[in-house]
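Along the sequence shown, residues are numbered consecutively beginning with 1. Keep in mind the model is a prediction, meaning the values are calculated, not measured. As the structure lists them, so they are numbered: ligands from 1, and atoms in each ligand from 1.
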Amino acid sequence: MKTLGEFILEKQHDFPHATGELSALLSAIKLGAKIIHHDINRAGLIDILGENGHANIQGERQMKLDAFANETFKAALEARVVIAGIASEEEDNLVIFGKDRATEGKYVVLMDPLDGSSNIDVNVSVGTIFSIYHRITNIGTPVTEQDFLQPGNKQVAAGYIVYGSSTMLVYTTGCGVHAFTYDPSIGVFYLSHENVQFPSIGKMYSINEGYYSKFPMGVKKYIKYCQKEDEKTNRPYTSRYIGSLVSDFHRNLLKGGIYIYPSTAQYPNGKLRLLYEGNPIAFLAEQAGGKATDGYQRILDIVPQKLHQRTPYFVGVKSMVDDADRFMAENP
Ligand code: AHM
Ligand code: MG
């Protein structure tokens with residue numbers, strides 16, 4: 001039985017930066033996860049369900065738990081001196097942790113504190129997604145937006161927490177993907193899946209088919225391909241869609257599948273945010289032998305132009321994403 005703390009210490013040589021820093025960073029995430037786990041598990045009993053009457057910068061209505069998760073992770077991360085500041089799906093602007101931290105902090109963290117929050121009120125799994133970068137501006141000068149707008153291929157670590165039938169923390173530092181299951185009775189994350197890899201053959205597709213008529217032709221044709229019988233390629237694939245990216249991705253990672261949120265008439269650039277959802281999940285996907293694209297290009301190579309940028313998203317088993325990309329290229 002190995003704990004997350006022990007595992008990180010053991011693997012510190014994998015982290016290409018100074019000893020102890022990854023542990024400090026991940027222990028802040030771990031603490032936030034425990035607090036959110038605790039509250040989500042009592043969600044029907046305390047007054048945290050429903051909307052809080054506010055909208056985030058993207059005009060989406062905020063749930064009470066969105067705001068609570070945001071404040072919780074912000075406070076946990078602020079307590080670690082190595083972090084200069086954060087960007088969050090629930091914050092309009094960057095949050096820099098004071099003057100000294102802006103100049104001395106080495107890392108920036110980008111996150112979606114509570115992904116899939118429309119599922120909270122009905123007791124369906126939600127998640128937290130995080131992405132960590134080393135700043136690119138010089139220490140001694142204030143951190144800038146440039147430090148947050150790096151392409152995903154510069155991430156030093158990324159991961160998610162899925163609050164499901166059990167709570168799990170899954171992360172990568174570029175040396176494989178490792179998953180830890182939370183034991184709430186003693187408050188410890190234990191290593192449960194070391195070096196997770198996608199199955200080589202997929203059998204599930206996850207997409208909100210209610211928007212079928214609004215999808216690009218390539219996606220429509222790919223869905224029909226998924227539904228067509230073909231023994232050699234394991235088709236028809238089964239369809240599974242929770243509507244909570246972390247949970248859909250987690251299942252597809254373990255069972256073999258593809259998740260797609262393409263452009264639609266309502267969301268011409270897709271719905272998912274490149275920095276808070278797209279990049280961290282893409283980093284994990286590639287580390288697990290999978291692939292992530294916007295239908296045409298590698299997610300991790302996109303140079304972000306703004307914090308809350310959206311992207312169409314195709315992620316999962318490599319051969320499945322290859323097929324979907326082919327349909328996109330053939331049906332412009
Ligand atoms: P959120 O960050 O506001 O929760 O939005 C992202 C979520 C994803 O987790 C999920 O896959 C998708 O939105 C569901 O959207 P839809 O209801 O349009 O299918
Ligand atoms: Mg989200």
Measure the acute angle between the ring planes of [X] and [Y], then classify it against the limits of 30° and 60° as parallel, tilted or perpendicular.
X      : Y      : answer
Phe189 : Tyr182 : tilted
Tyr225 : Phe327 : tilted
Tyr276 : His308 : tilted

Could you report the tightest heavy-atom contact between Pro216 and Pro262, atom names first, then the distance? CD-CB, 4.1 Å

Atoms in ligand 1 flagged as close to [X], the criterion being non-hydrogen separation under 4.0 Å:
X      : answer
Ser117 : 4 (O)
Tyr241 : 11 (O), 12 (C), 14 (C), 15 (O), 16 (P), 19 (O)
Asp112 : 2 (O)
Glu89  : 1 (P), 2 (O), 3 (O)
Tyr211 : 18 (O)
Tyr259 : 10 (C), 11 (O)

Can you tell which of Arg273, Gln266, Glu277, Lys271 gets a heavy atom nearest to atom 15 (O) of ligand 1?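 Result: the heavy atom closest to atom 15 (O) of ligand 1 is in Lys271.
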
Which of these, Leu245, Asp115, Asn208, Thr264, has its nearest heavy atom closest to atom 17 (O) of ligand 1?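 That would be Asn208.
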
In terms of side-chain geometry, is the basic nitrogen of Glu194 or Lys2 positioned less than 4.0 Å from the acidic oxygen of its partner?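 A salt bridge is absent here (no side-chain N lies under 4.0 Å from a carboxylate O).
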
Salt bridge Glu286-Arg298, side-chain N to carboxylate O under 4.0 Å: yes

So is there a nitrogen or oxygen of Gly116 less than 3.5 Å from a nitrogen or oxygen in ligand 1? yes

Hey, does Asp248 come in under 3.5 Å of ligand 1, counting only N/O atoms on both sides?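 Not met; the criterion fails.
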
Polar contact flag, side-chain donor to acceptor under 3.5 angstrom, Asp147-Thr137: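 Result is yes, a qualifying pair exists.
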
Any donor-acceptor pair under 3.5 Å linking the side chain of Arg310 with the backbone of Lys271?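 Checking the backbone N and O of Lys271 against the side chain of Arg310, a donor-acceptor pair under 3.5 Å is found.
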
Using heavy atoms and a threshold below 4.0 Å, how should the contact between Ile242 and ligand 1 be classified: side chain, backbone, both, or neither?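 For Ile242, there is no contact with ligand 1 at all, from either part.
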
